[in-house]
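Report on one structure; see the data block that follows.
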Amino acid sequence: MLTINLLREQPSAVIERLKIKNFDATEIIAHVLDLDRRRRELQSEGDALQAELNNLSKEIGSLMKEGKKEQAEAAKKGIGNLKERQKQLTEAFDAASAEMQNEIIRLPNIPHPGVAPGKSAEDNVVVRGGGGIPELYPGAVPHWDLIKKYDIIDFDLGIKITGAGFPVYKGKGAKLQRALINFFLDEGEKAGYREIEPPIVVNEDSGFGTGQLPDKEGQMYHVGIDNLYMIPTAEVPITNIYRDVILEAADLPIRNMGYTPCFRREAGSWGAHVRGLNRLHQFDKVEIVQIAHPERSYDSLEEMVSHVENLLKKMDLPYRIVRLCGGDMSFTSAMTYDFEVYSAAQQRWLEVSSTSNFESFQANRLKCRFREKGAKQTTLCHTLNGSALALPRIVASLLENNQTPEGIKIPKALIPYTGFELIS
RNA sequence: GGAGAGAUGCCAGAGAGGUCGAUUGGGGCGGUCUCGAAAACCGUUGUCCGGGUAACUGGACCGGGGGUUCGAAUCCCUCUCUCUCCGCCA
């Protein structure tokens, strides 16, 4: 959520920069500023009235104390009208505030000046890449065939137990999951992240804090009886640790990470290119989250990008890093890097991580602030997060890229974690 | 799940219709003393929304929401959470 101060102070600059996201904010901002003006007028009038009422009450109080009953009763007489007026003012103020809030919430985050304009993924900027595209042997097949051949991931069994998109990992398939999670967490710890094991269902306030609610409730599984939401990403609980918190500047940046299963309904997004592990309702992910000083949040972003890149290098996966153009960025992000690994048998790039700086957009909703040493004033923090990493597509490309006639070779860095070198 | 108790500022804890943003203690910060530190003493210490260049100033906030009243931290209703006992249980 953008701050009202920014909209007040530089409305035209906001409109200009939101064009990069192909968003025309002209009308919304005009409406917001109008509501803001009205709201402030109403508040001034309401506050003055309240001050008058407070004074009258105090007078009545002292009259009562002095035993001047009649005078006190007389003073009560005029109050009725004032209270009627106050009721009107309060209602008008609440209405204007609520409407303003609803309008502001519709505005996406402002992209960083470094974000390129563009309409779709076609316009994204490839920053760099690494790892050679492997030459597969003639009998190579996509991962959805490999998992059957080696009986390591079972979609049909998942359908029986739960439904489509809930795979069952078996034997070496299950152990590979566990190995990847431990590998990612250990690497994260080396990079200075504190490990968190959060709840995987959250309340409404948390959903609102990171921006899943009120808009995207259709994308989350909802536990109706207790009004809780199953998390689509560990970003939600881990970032919400800092909801309604005032930090010290010296505490920043804060680096947390956590492994959780993630649940996504993916309503309406099934179709071509989502076979096998490419898109699931439940998957495992290690998420890294930083709370940063506004002046240094892009250092944090670079640091996170290097960390993710390092993971991909260690697993010898062919990858590329892409800076998303305005049109392909999420509503809440100011700058996003996507990491893609090449899936040799599918012959396409698969997104395995999205690492973003949200600047103060989430922090404003979260009320996550910090204070400079000695300062009285608080300032919104910047929040960042990234997948490091999401498992399914990593598994897909590991299986496809490393397949040989003898079986699937496990990358060296993972062998200490799997305890085996080959899936055969 | 049943019964009871409770929710106040960074923490502990007063406060039970009138001047309470809230006694007091601890902690933190600043100062005096000291070569320095401790102790002691003095001072200070929340958040949010308006107005004002500023000094300053109006309003709100005592778990959330609603009500009674001229006036509520204090009374009533409701929700949430915590604790104790009982039951159940990984």
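Quick note on labels: first sequence line is chain A, next is B, and so on, each numbered from 1.
- A heavy atom lying under 4.0 Å from RNA chain B marks the following residues of residues 30-43 of chain A, by number: A:R39, A:R40, A:Q43.
- Between the C1' atoms of B:G9 and B:U44, the separation comes to 15 Å (whole Å).
- Taking the side-chain hydrogen bond (donor to acceptor under 3.5 Å, both in side chains) definition, one finds that A:D36 meets it with A:R8, A:R39, A:R40, sequence neighbours left out.
- Straight-line distance between the P atoms of B:G52 and B:G67: roughly 32 Å, to the nearest whole Å.
- Take A:Y229 and apply the ring-ring contact (aromatic ring centres under 6.0 Å, His included) test, not counting sequence neighbours, and it matches A:H222.
- Pair assignment for B:G36 gives none, since no Watson-Crick or G-U wobble pairing has each distance under 3.5 Å.
- The existence of a salt bridge linking A:K314 and A:E187 is confirmed by a sub-4.0 Å separation between a basic side-chain nitrogen and an acidic carboxylate oxygen.
- Using P as the reference atom, B:G66 and B:U47 are 25 Å apart when rounded to the nearest Å.
- Comparing B:G17 with B:A73, their C1' atoms are spaced 11 Å from each other, to the whole Å.
- Within the structure, the ring-ring contact (aromatic ring centres under 6.0 Å, His included) test picks out the following pairs touching residues 149-178 of chain A (sequence neighbours left out): A:F166-A:H281.
- Taking every heavy atom of residues 52-62 of chain A and every atom of RNA chain B, pairs under 4.0 Å involve A:N54, A:S57, A:I60, A:G61, by number.
- Under the side-chain contact (heavy atoms from CB on, under 4.5 Å) criterion, A:A234 pairs with A:I238, A:T260, A:E287, sequence neighbours left out.
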Could you give the side-chain donor-acceptor pairs of residues 15-22 of chain A under 3.5 Å, partners two or more places apart or in another chain?
{"residue": "A:E16", "atom": "OE1", "partner": "A:K19", "partner atom": "NZ", "Å": "3.4"}
{"residue": "A:R17", "atom": "NH2", "partner": "A:P111", "partner atom": "O", "Å": "2.9"}
{"residue": "A:K21", "atom": "NZ", "partner": "A:N109", "partner atom": "O", "Å": "3.1"}
{"residue": "A:K21", "atom": "NZ", "partner": "A:S330", "partner atom": "O", "Å": "2.8"}
{"residue": "A:K21", "atom": "NZ", "partner": "A:F331", "partner atom": "O", "Å": "3.2"}
{"residue": "A:K21", "atom": "NZ", "partner": "A:S333", "partner atom": "O", "Å": "2.8"}
{"residue": "A:N22", "atom": "ND2", "partner": "A:G118", "partner atom": "O", "Å": "3.0"}

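- Between B:U57 and B:C62, the distance separating the two P atoms is 23 Å to the nearest Å.
- For A:T378 and A:G46, each mapped to the nucleotide of RNA chain B holding its nearest heavy atom, the one lying further toward the 5' end belongs to A:T378.
- Nucleotides B:A16 and B:C76 place their P atoms 15 Å apart, quoted to the nearest Å.
- Read 5' to 3', the first and last nucleotides of RNA chain B with an atom closer than 4.0 Å to a heavy atom of chain A are B:G18 to B:G71.
- For A:E421, the side-chain contact (heavy atoms from CB on, under 4.5 Å) partners two or more places apart in sequence, or in a different chain, are A:I415.
- The side-chain hydrogen bond (donor to acceptor under 3.5 Å, both in side chains) analysis of residues 43-54 of chain A, with sequence neighbours excluded, yields the pairs A:Q43-A:D47, A:E45-A:R85, A:Q50-A:N54, A:Q50-A:Q86.
- When the ring-ring contact (aromatic ring centres under 6.0 Å, His included) test is applied to A:Y417, the partners found at least two apart in sequence or on another chain are A:F183.
- For A:A30, there are no side-chain contact (heavy atoms from CB on, under 4.5 Å) partners, not counting sequence neighbours.
- No contact: A:K367 has no heavy atom under 4.0 Å from any strand.
- Comparing the same atom, C1', in B:G26 and in B:U34 gives a spacing of 25 Å after rounding to whole Å.
- Atom CD of A:Q88 sits in a crowded spot, with more than 12 heavy atoms from other residues, nucleotides or ligands closer than 6.0 Å.
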